[in-house]
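Read through the structure below, which is laid out as structure tokens, and then see the notes.
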Amino acid sequence: MTAMEASRTAVLVCQGRAAADGRIAVGRFADPMAITMLRDPERVPVDQVRVGTPSAGWAERVDYEAVRACAELMVPRTIAIDAALREWPAPQLVILGAGLDARAWRMKELAGADVFEVDQPASQHDKRDRIGGEVPVARSLRYVPVDFTGDRLDAALAEAGHQPSVATTWLWEGVVAYLHHPVVAATVITVSGLSAPGSTLIVNHQSPSVLAAVGRVVARAMNASARRRSPWADEPRRSAWTPGAMRRLLGGQGFTVTSDDDLLGLARRFSSPVRHRTSLRTGRIAVATR
């Protein structure tokens with residue numbers, strides 16, 4: 001992905017949430033906004049997953065399985081993050097790598113918060129086109145264009161009106177794995193410098209796994225055989241973090257990790273499907289406070 005291209009993995013995540021809405025972990029998971037941000041061709045595999053009937057063609061079946069697997073992953077991840085946002089509220093919420101996140105529109109708990117959505121310019125342009133005239137429930141919503149590999153996050157947030165003297169909840173979901181270790185570390189340093197006492201950092205990261213790496217190779221092969229461009233073609237995995245390594249990274253910048261749960265355990269707790277155990281086991285949600 002470059003500054004000129006919108007994120008394709010963001011679309012897959014949105015498809016997964018749309019496919020799960022009203023079907024999986026009902027009463028715990030909901031994202032009715034997801035389907036509204038998808039274009040007609042993107043809704044086809046979502047509708048198939050929702051009724052449990054894939055098309056007969058191989059290419060369509062590959063699309064179906066990708067969305068179904070993503071739905072299974074999104075449910076525990078979303079429930080856990082939403083719960084953390086409710087438990088650790090702040091006047092400011094900064095979403096790092098927002099993609100097609102709909103929390104500013106669907107979480108009434110953000111009515112008193114200023115939300116800053118940070119993402120690369122092409123993805124933000126794509127999202128604003130998709131969201132149309134939908135009015136957020138958040139007190140305010142500000143788009144902050146940033147390329148994590150080259151732009152200064154602190155300068156961009158300052159220009160958007162972020163106040164470092166006010167407590168901030170930081171959400172970093174579905175991004176860390178696509179960044180090299182030095183970029184992740186540099187971003188945490190910047191976030192620390194902008195975090196007043198009472199701030200919280202919620203990080204979705206991936207733990208190292210040979211099986212997960214093999215699974216990604218298989219997924220790319222399936223897309224190639226179906227003559228589909230892999231969603232990860234321009235967004236390869238670049239870093240993995242053990243819980244200990246993440247704890248040391250955050251602790252070194254003044255954060256105290258209060259929890260770091262794997263998605264498999266969370267899925268079982270939420271009575272969510274666990275067919276793709278390896279992907280669920282390696283995905284993690286860490287919550288750190290200061």
Side-chain angles (χ1 to χ4, degrees), residues 9 13 69-70 72-88 90 93-97 99 101 118 148-149 153-154 167-217 219 232 235-270 272 274 276-290:
T9 57
V13 166
C70 189
E72 181 178 321
L73 189 69
M74 287 305 107
V75 170
R77 193 169 103 177
T78 303
I79 294 174
I81 290 173
D82 287 359
L85 289 173
R86 295 183 182 104
E87 183 176 359
W88 305 99
L93 169 63
V94 177
I95 305 178
L96 301 170
D101 188 290
V118 179
F148 284 103
T149 63
L153 176 62
D154 53 354
T168 301
T169 298
W170 303 84
L171 172 55
W172 207 3
E173 179 186 10
V175 180
V176 170
Y178 303 109
L179 301 174
H180 291 295
H181 283 82
V183 177
V184 175
T187 302
V188 172
I189 291 171
T190 299
V191 166
S192 175
L194 300 175
S195 295
S199 295
T200 302
L201 173 57
I202 305 166
V203 183
N204 165 224
H205 64 102
Q206 302 291 318
S207 59
S209 170
V210 174
L211 286 177
V214 171
R216 291 192 293 273
V217 171
W232 302 278
E235 299 172 70
R237 296 290 177 89
R238 293 189 170 98
S239 71
W241 301 78
T242 65
M246 182 56 67
R247 186 178 299 271
R248 288 189 294 273
L249 172 67
L250 301 182
Q253 295 303 319
F255 288 97
T256 299
V257 176
T258 62
S259 63
D260 191 346
D261 299 311
D262 68 80
L263 297 185
L264 180 59
L266 291 170
R268 287 170 171 161
R269 187 189 310 172
F270 303 146
S272 182
V274 292
H276 297 82
R277 288 177 173 81
T278 299
S279 296
L280 289 166
R281 186 179 291 111
T282 57
R284 307 191 66 85
I285 304 293
V287 179
T289 61
R290 65 180 316 172

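All of these numbers come straight from a predicted model, not from anything done at the bench.
Side-chain contact check for Val257 versus Val287: every heavy-atom pair is 4.5 Å or farther apart. Counting only heavy atoms from C-beta outward, the side chains of Val176 and Val203 approach each other to under 4.5 Å. Here the side chains of Thr258 and Glu87 are not in contact, with every heavy-atom distance at 4.5 Å or above. Looking only at side-chain heavy atoms (C-beta outward), Val274 and Arg268 come within less than 4.5 Å of each other.
A pairwise comparison of heavy atoms in Pro236 and Tyr178 identifies O-CD2, 3.4 Å as the closest pair. Smallest separation of non-hydrogen atoms from Ser239 and Val184: OG-CG2, 4.2 Å. The two residues Pro76 and Ala267 have their closest heavy-atom pair at CB-N, 3.8 Å. For the pair Ala240 and Ser207, the tightest heavy-atom approach, listed with the atom from each and the gap, is CB-C, 3.9 Å. Between Ile285 and Ala80, the closest heavy-atom pair is CG1-CB, 4.3 Å. Of all non-hydrogen atoms in Val118 and Val94, the two that sit nearest each other are CG2-CG1, 3.8 Å.
At a cut-off of 3.5 Å, with distance as the only test, no side-chain donor of Thr289 or Trp88 sits close to an acceptor on the other residue.
The CD1 atom of Ile95 lies 10.0 Å from the CD1 atom of Ile81; values are rounded to the nearest 0.5 Å. Summarising the geometry, atom CG belonging to Asp260 is positioned 4.5 Å from atom CZ belonging to Arg284; distances are rounded to the nearest 0.5 Å. Interatomic distance, Leu96 CG to Asp101 CG, rounded to the nearest 0.5 Å: 11.0 Å. Distance CD1/Ile79 to CE/Met74: 12.0 Å, rounded to 0.5 Å. The OG1 atom of Thr256 sits 11.5 Å away from atom CG of Leu201, with the distance rounded to the nearest 0.5 Å. Once rounded to the nearest 0.5 Å, the distance linking CG of Leu263 with CZ of Arg277 reads 14.5 Å.
Remark: side-chain polar atoms of Arg290 are paired, donor with acceptor, to backbone N or O of Ser192 under 3.5 angstrom. At distances below 3.5 Å, at least one donor-acceptor pair connects side-chain atoms of Thr282 with backbone N or O atoms of Ser279. Asn204 places a side-chain N or O within 3.5 Å of a backbone atom of Gly174 that can act as its donor or acceptor partner.
A salt bridge does not link Arg281 with Asp262: every distance from a Lys NZ or Arg NE/NH1/NH2 to an Asp or Glu carboxylate oxygen is 4.0 Å or more.
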- Task: Go through the steps for His205 and Trp172 under the test ring pair (Phe, Tyr, Trp, His ring centres under 6.0 Å), then give the verdict.
- Result: CA-CA 9 Å; His205 64 102; Trp172 207 3; over 10 Å; no

